[in-house]
Each structure stands twice: as structure tokens, then as C-alpha cells.
Amino acid sequence: MSSSCWLAKQFDDLGTPVIYVRTKVDESVDQDEKCHPHTHNKSRCLQRLRKTTLTSLSDNAIHTKFFYMIGGGKPLEYDFADLVTAMVDQLKPEKREAFTLSMIPINSAVISKKWEILNSRIWVIACASAASGAPVSRCESKAEIDLILEEVRFYRKQLGAQVCNVLRYLFRIF
């Protein structure tokens, strides 16, 4: 912990916020359950882990509003969604989009952040499509089909969604 505390103080001196993450929470909860099978209470165990870690940070003169507990084996539990949100929100705007789109859509927090970006892109694609003016056979409107299909593939890759769901949403817009 001493090297982590030193590093945190260096960032604090620079005015850079630090996000503290208590890992292996799932292992600690499982261990508590094994050691105390009759009295184990998951929420009490989590409160104890949180309090112990925050006390340790405080004892080392580190105060933060960014503290999260995660478990590698159970990424949908604990504070993982809040951690993702905090990480994305703390980034500079020019790095936020690239970081968000590089994440695997593992839970609703990641998907939500990706959706914000993708939702802002669709209007640009729609304008580019309308501006291109390429005729579509058996249709009175004009659209750039290749551009739309490329965007649909990008949505699918980012969200892990099936194409039909994305297509339904896209064509609801047009």
C-alpha cells in the first residue's frame, strides 16, 4: 500500500483526480462465507471491506470521492458500473469517445456510455446520407446505402447487438 499511497500523493500534488479500486471483492466475500458459514451476511461483509479500505486510505492521509470495489470473477456485481461511469466521466472530452468505444460491452453501464456516443453519431450519418443524394431503387427517397450499412456494422460491433435490432432503430429515425 505504501507505493500506492506515494503515487496517489504525487497525482494529488498535480491536481489529478485518482480513482481507487479495491479488487478481488468476490474472493473476499467467498472467503468470509467459508469462514463464517452460519453468520455470513454479504451486505455486512461488503460494508466491512469498504470501511476497512477507506480507513486505510484515511490513515495514509488520502481522501477521495472516487472509491470503488470490484470483483474480477463477477464484473456485473459490486461497483463496476459506477467505476466505468467515473472513468469515462473523468477523461478529457477528446479521449472520452475513443476510450468508451474501445471497451467491451460487458454490462449496462458500458452499453449506456457507448449508446450515448453512437446516438450522437447517427445524426451525422443521416445528414451525410441525405447530402450524398445517391438514388435508391424502388424508393422515392435518396440515401447512401453503403454509409448506412457501415454504420449498422459499427453499431453491431460496439453493442454486440443483432443487426435486426439496430436496423429497426435506424430506420425508425429515417
Side-chain angles (χ1 to χ4, degrees), residues 1-122 154-170 172:
M1 180 109 180
S2 62
S3 61
S4 299
C5 292
W6 175 83
L7 187 59
K9 289 175 184 174
Q10 298 302 309
F11 279 113
D12 193 40
D13 290 345
L14 294 171
T16 303
V18 177
I19 297 174
Y20 295 91
V21 180
R22 166 49 161 98
T23 59
K24 299 183 181 180
V25 172
D26 48 351
E27 293 177 22
S28 296
V29 170
D30 291 345
Q31 186 63 35
D32 185 72
E33 186 174 16
K34 287 177 186 173
C35 292
H36 311 286
H38 301 295
T39 59
H40 172 73
N41 181 306
K42 186 177 178 179
S43 62
R44 237 186 4 243
C45 178
L46 292 172
Q47 286 174 347
R48 187 174 60 252
L49 288 171
R50 187 175 301 277
K51 182 179 179 185
T52 302
T53 307
L54 287 172
T55 300
S56 179
L57 289 171
S58 181
D59 290 347
N60 286 286
I62 297 172
H63 305 283
T64 183
K65 62 180 180 174
F66 300 112
F67 172 70
Y68 304 97
M69 298 192 320
I70 64 169
K74 300 174 183 174
L76 301 178
E77 291 188 33
Y78 315 116
D79 299 334
F80 191 79
D82 295 331
L83 171 63
V84 168
T85 301
M87 287 171 44
V88 171
D89 291 346
Q90 291 304 306
L91 288 172
K92 293 178 180 172
E94 60 271 12
K95 294 183 180 184
R96 191 174 296 147
E97 184 173 320
F99 177 78
T100 303
L101 294 177
S102 71
M103 291 189 287
I104 297 169
I106 194 167
N107 64 19
S108 60
V110 174
I111 292 171
S112 176
K113 289 295 183 184
K114 284 178 173 272
W115 184 250
E116 288 175 24
I117 292 169
L118 294 172
N119 200 29
S120 68
R121 287 172 51 103
I122 195 62
F154 186 68
Y155 268 54
R156 181 177 184 203
K157 179 181 174 187
Q158 288 299 316
L159 300 173
Q162 294 185 7
V163 176
C164 59
N165 293 336
V166 176
L167 282 171
R168 267 188 238 141
Y169 175 77
L170 284 175
R172 195 175 44 175

With a 4.0 Å cut-off, would you call E116 and R96 a salt bridge? no

What are the two closest non-hydrogen atoms of [X] and [Y], and how far apart are they?
{"X": "P105", "Y": "I111", "result": "CB-CG1, 3.7 Å"}
{"X": "R44", "Y": "T39", "result": "NH2-O, 2.9 Å"}
{"X": "Q158", "Y": "L101", "result": "OE1-O, 2.9 Å"}
{"X": "Y78", "Y": "D26", "result": "OH-CA, 3.5 Å"}

Please check if the number of heavy atoms outside I104 that lie under 6.0 Å from its CD1 is greater than 12.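 Not buried by this count: 12 neighbours or fewer within 6.0 Å.
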
May I ask you to check whether over 12 heavy atoms, not counting those of F11, lie within 6.0 Å of atom CZ?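 Check fails, neighbour count at 12 or below.
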
Do [X] and [Y] touch side chain to side chain, with heavy atoms closer than 4.5 Å?
{"X": "M103", "Y": "V88", "answer": "yes"}
{"X": "L46", "Y": "R50", "answer": "no"}
{"X": "D32", "Y": "K42", "answer": "no"}
{"X": "C45", "Y": "R48", "answer": "yes"}
{"X": "V110", "Y": "K114", "answer": "yes"}
{"X": "K24", "Y": "D30", "answer": "no"}
{"X": "T53", "Y": "Y20", "answer": "no"}

Short side-chain to backbone donor-acceptor contact, K9 and N60, under 3.5 Å: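 Side chain of K9 to backbone of N60, a donor-acceptor pair under 3.5 Å: yes, one is there.
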
Strictly distance-based, threshold 3.5 Å: is any side-chain N or O of S56 a donor or acceptor partner for the main-chain N or O of T52?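 Pair absent, no side-chain N/O of S56 close to backbone of T52.
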
Which value, rounded to the nearest 0.5 Å, describes the distance between [X] atom [atom1] and [Y] atom [atom2]?
{"X": "S112", "Y": "N119", "atom1": "OG", "atom2": "CG", "answer": "10.5 Å"}
{"X": "T100", "Y": "L91", "atom1": "OG1", "atom2": "CG", "answer": "7.0 Å"}
{"X": "I62", "Y": "L54", "atom1": "CD1", "atom2": "CG", "answer": "11.5 Å"}
{"X": "F67", "Y": "L57", "atom1": "CZ", "atom2": "CG", "answer": "6.5 Å"}
{"X": "T85", "Y": "Q90", "atom1": "OG1", "atom2": "CD", "answer": "11.0 Å"}

side-chain contact (heavy atoms from CB on, under 4.5 Å) partner of Y68, chosen from T23, V84, D82: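 Considering T23, V84, D82, a side-chain contact (heavy atoms from CB on, under 4.5 Å) with Y68 is found only for D82.
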
Determine, step by step, whether H40 and V29 satisfy the side chain to side chain contact (heavy atoms under 4.5 Å, CB included) criterion, reporting the C-alpha distance in whole Å, the side-chain angles of both residues, the deciding distance to 0.1 Å, and the verdict. CA-CA 9 Å; H40 172 73; V29 170; 4.0 Å; yes

Modelled atom types, side-chain donor and acceptor of S28 and R22, under 3.5 Å: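 Result is yes, a qualifying pair exists.
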
